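See below for the structure under consideration.
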Amino acid sequence: MKARHAGGQTAVEVRKHVWTVPLVPGSVRAARQRSERSLVLFGLESSSALFGAVLLVVSELVANAVRHAQHSPDAEITLHMTDHLLVASVGDLDSRPITLADAGQTAGQGMRTVADLARTFGGDVRIEPSSGGRGKTVVVRFVLPEGTP
């Protein structure tokens, strides 16, 4: 939905869904299903490469949190889309850092996949501290392809 400013200008359309999942093995599937519904509501085609990439990124980030964020009872997932960007983020309360894997390691390959998918769509990956000072949020930005609703 586009809003109008007082001067009559059209504001940028913003679509945002935020939810939490407990950090247990079944949460990856639940996060993926909820993400699918959000992306459909945002107007993305389920057959598009971007749709698949976002689902894989959310799945990888939640799986990472389930495996490694033992000091966090849950994770907060955010999908946020504007006219030019789609941002997927997963935050937890575990303060241990996340790094990309070295080329020869198998551990951390999920984060490498996440970074590669973001770059495929002109985006990037950032790791930010939580607003409360405890934990971190992995933020993945995708530049929307031309013609995305």
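From a predicted model like this one, the values you see are computed outputs, not experimental measurements.
With a 6.0 Å radius and a threshold of 12 heavy atoms from other residues, nucleotides or ligands, Arg29 has its CZ atom at or below the threshold.
Between Phe142 and Leu117, the shortest heavy-atom distance links the atoms CE2-O, 3.9 Å. When all heavy atoms of Leu86 and Leu44 are compared, the closest pair comes out as CD1-CD1, 3.6 Å. Residues Val28 and Ser59 come closest through the heavy atom pair CG1-O, 3.8 Å. Minimum heavy-atom separation, Gly91 to Thr137: CA-OG1, 3.6 Å. Of all the heavy atoms in Ala115 and Val125, the pair that sits closest is CA-CG2, 3.6 Å. Heavy atoms only, all atoms of each residue included: Thr82 and Leu144 are closest at O-CD1, 3.3 Å.
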Could you go through Met111 and Asn64, starting from their C-alpha distance and side-chain angles, then the distance that decides it, and tell me whether this counts as side-chain contact (heavy atoms from CB on, under 4.5 Å)?
CA-CA 8 Å; Met111 286 303 294; Asn64 227 20; 3.5 Å; yes
Apply side-chain contact (heavy atoms from CB on, under 4.5 Å) to the pair Leu79 and Val58, showing each step before the final yes or no.
CA-CA 9 Å; Leu79 291 177; Val58 170; 4.1 Å; yes
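Salt-bridge formation is not detected for the pair Arg119/Asp124: no Lys NZ or Arg NE/NH1/NH2 atom is positioned less than 4.0 Å from an Asp or Glu carboxylate oxygen.
Note on Trp19 and Val90: same hydrophobic cluster, where clusters join Ile, Leu, Val, Met, Phe, Trp and Tyr whose side-chain heavy atoms are under 4.5 Å apart, directly or indirectly. No path of Ile, Leu, Val, Met, Phe, Trp and Tyr side chains, each step under 4.5 Å between heavy atoms, connects Val57 with Val139, placing them in separate hydrophobic clusters. Neither Val143 nor Phe42 shares a network with the other; the hydrophobic side chains, linked directly or stepwise wherever heavy atoms of I, L, V, M, F, W or Y lie under 4.5 Å apart, form separate groups for each.
Under the side-chain hydrogen bond (donor to acceptor under 3.5 Å, both in side chains) criterion, the residue pairs touching residues 33-43 are His17-Ser38, with sequence neighbours excluded.
Here the NZ atom belonging to Lys16 is positioned 14.5 Å from the CE atom belonging to Met81, to the nearest 0.5 angstrom. With rounding to the nearest 0.5 Å, the separation of CG in Leu85 from CZ in Arg141 is 5.5 Å.
No donor-acceptor pair closer than 3.5 Å links the side chain of Thr78 to the backbone N or O of Ser89. The closest donor-acceptor contact from the side chain of Ser72 to the backbone of Leu93 lies under 3.5 Å. Between the side chain of Asp94 and the backbone N or O of Gln70, at least one donor-acceptor pair lies under 3.5 Å.
Each of Val18, Val62, Thr20, Leu61 was scored for a side-chain contact (heavy atoms from CB on, under 4.5 Å) with Ile77, with one residue passing: Val62.
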Under 3.5 Å, which donor-acceptor pairs link side chains of residues 46-55 to any protein atom two or more places apart or in another chain?
residue, atom, partner, partner atom, Å
Ser48, OG, Glu45, O, 2.9
Ser48, OG, Phe51, N, 3.1

